[in-house]
Amino acid sequence: MGSTRSSSRPSVKRRLPQEFYLRDTKRVARDLLGKRLVRIHNNTRLAGIIVETEAYLGVKDPAAHTYGGRITERNKVMWGEGGSAYVYFVYGMHFCLNAVTRWAGQPEAVLIRAVQFTEGLDLIKNFREISEEKQLGNGPAKLCQALNITRNLNGVSLVQSDLFIEDGDLIRNSQIICRPRVGIDYAKEAKHWPLRFYIKNNEFISKK
DNA sequence: CTGGGGATCGAG
DNA sequence: TCGATCCCCAGG
């Protein structure tokens, strides 16, 4: 009514354009913090804030599936244009979701490692078969289970499909922690590279 | 064809 | 710390 504050102008959330994903992969990983990961499931909106990511830097990154220029059936989506989803199966039972970055032929990606869910919690709790909210998306395989993301979404466009990422709150640099990535002990010197990004003091990240 | 291992999770 | 569980993929 008589409000003179900025709340009278609602912030419009819009889907990130393909250009967002074509940029430097570390920048994309950092900039994805605070954005909203959204999945439309049977006309229901499931969504949450991305609070943790990791960058995978392609042919020169010993931790990446495309290290050394490998082209395989599994990793071929990473070789395509930025802006699509790379979903892979791991450890015999889990799926992980990446946003492919850069242009075709530069096979890099950002792993989404944790999401703070804010919409569609009933359905998400069903998929996860738990109700504790801090446990719903605090890991790359957990958030895939929460959104029912499996191999059939490998390769879909984040710019056009029912799986996408929206604008969100701006996260200041002072609120971002940068550390080595998780679960890549096999990756020689790259295991120390600071390519994991997460929001400081956030309760929904995968590890302390 | 084969077998070693994995961008994880949860129980003990 | 360890087992689950199975697909991937390099090597023969």
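We name chains A, B, ... by the order of the sequence lines, and we start the count at 1 in each one. Atoms considered below: every heavy atom in the structure, side chains included; atoms not considered: hydrogens, waters and symmetry mates.
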C1' atom, C:dC2 versus B:dG5: distance in rounded Å? 15 Å
Base-paired stems that DNA chain B participates in, counting runs of 3 or more Watson-Crick or G-U pairs under 3.5 Å: B:1-6 with C:6-11, B:8-11 with C:1-4
Between B:dA7 and A:Arg113, is there an OP1 or OP2 to side-chain N/O distance shorter than 4.0 Å? no
With a 3.5 Å cut-off and no angle check, do the side chains of A:Thr53 and A:Arg113 form a donor-acceptor pair? no
Just compare B:dC9, B:dG6, C:dC8 and give me whichever is closest to any side-chain atom of A:Tyr186. B:dG6
Give the rounded distance in Å between these two atoms: CE of A:Met93 and C1' of B:dA11. 13 Å
CD1 on A:Ile205 to CD1 on A:Ile199, rounded to 0.5 Å: 9.5 Å
Nearest-angstrom distance from the residue atom CG of A:Leu143 to P of B:dA7: 16 Å
Would you kindly give the CG-to-C1' distance between A:Leu195 and B:dA7, to the nearest whole Å? 12 Å
What is the minimum heavy-atom distance between A:Gly139 and A:Ser206, and which atoms define it? CA-CB, 4.0 Å
Does B:dA7 have OP1 or OP2 sitting under 4.0 Å from an N or O in the side chain of A:Lys191? no
Could A:Lys13 and A:Asp167 be called an ion pair, given the rule that one side-chain N must be under 4.0 Å from one carboxylate O? no
Whole angstroms only, please: what is the CZ-C1' distance between A:Arg151 and C:dC7? 8 Å
Applying a 4.0 Å non-hydrogen cut-off, can you work out what A:Leu111 is touching in the nucleic acid: base, sugar-phosphate, or nothing? base
When rounded to whole Å, the CZ to P distance for the pair A:Phe95 and C:dT5 reads 15 Å
With a 4.0 Å cutoff (strictly under), does any side-chain N or O of A:Tyr67 reach OP1 or OP2 of B:dA7? no
Any idea which heavy atoms bring A:Lys188 and A:Tyr67 closest together, and the distance? NZ-OH, 3.2 Å
Write down the distance between CZ (A:Arg74) and P (C:dC6), rounded to a whole number of angstrom. 17 Å
I need the CD1-P distance between A:Ile205 and B:dC9, as an integer number of Å. 13 Å
Tell me if the side-chain of A:Tyr88 makes a donor-acceptor pair with the base of B:dA7, cut-off 3.5 Å, by modelled atom types. yes
Start with the C-alpha distance between A:His65 and A:Tyr88, add both sets of side-chain angles, then the distance that settles ring pair (Phe, Tyr, Trp, His ring centres under 6.0 Å), and finish with yes or no. CA-CA 10 Å; A:His65 291 162; A:Tyr88 68 91; 4.7 Å; yes
Please classify the nucleic acid contact of A:Arg181 as base, sugar-phosphate, or nothing, using heavy-atom distances under 4.0 Å. nothing
Can you tell me if CD on A:Glu73 sees more than 12 non-hydrogen neighbours from other groups inside 6.0 Å? no
What's A:Phe89 touching, base or sugar-phosphate or nothing? Going by heavy atoms closer than 4.0 Å. sugar-phosphate
Pick base, sugar-phosphate or nothing for A:Ala63, based on heavy-atom distances below 4.0 Å to the nucleic acid. base
Looking at every heavy atom in both A:Pro62 and A:Trp193, which two are closest together, and how far apart are they? CD-CH2, 3.8 Å
Between B:dG10 and A:Arg128, is there an OP1 or OP2 to side-chain N/O distance shorter than 4.0 Å? yes
Note: for A:Gly92 and A:Glu73 on DNA chain C, the residue whose nearest nucleotide lies more 5' is A:Gly92
Quick check on DNA chain B: between A:Ile130 and A:Glu54, whose nearest nucleotide comes earlier from the 5' end? A:Glu54
Do any side-chain nitrogens or oxygens of A:Arg70 fall under 4.0 Å of OP1 or OP2 in C:dA10? yes
Starting from P on B:dC9, measure out to CD on A:Glu129 and report it in whole angstrom. 16 Å
Any idea which of C:dC7, B:dC9, B:dA7 is nearest the A:His65 side chain? B:dA7
Do the side-chain N or O atoms of A:Thr72 get closer than 4.0 angstrom to the phosphate oxygens (OP1, OP2) of C:dC8? no
Check each of A:Asn98, A:Leu97, A:Leu195 against A:Leu111 using the side chain to side chain contact (heavy atoms under 4.5 Å, CB included) test, and report the only one that passes. A:Asn98
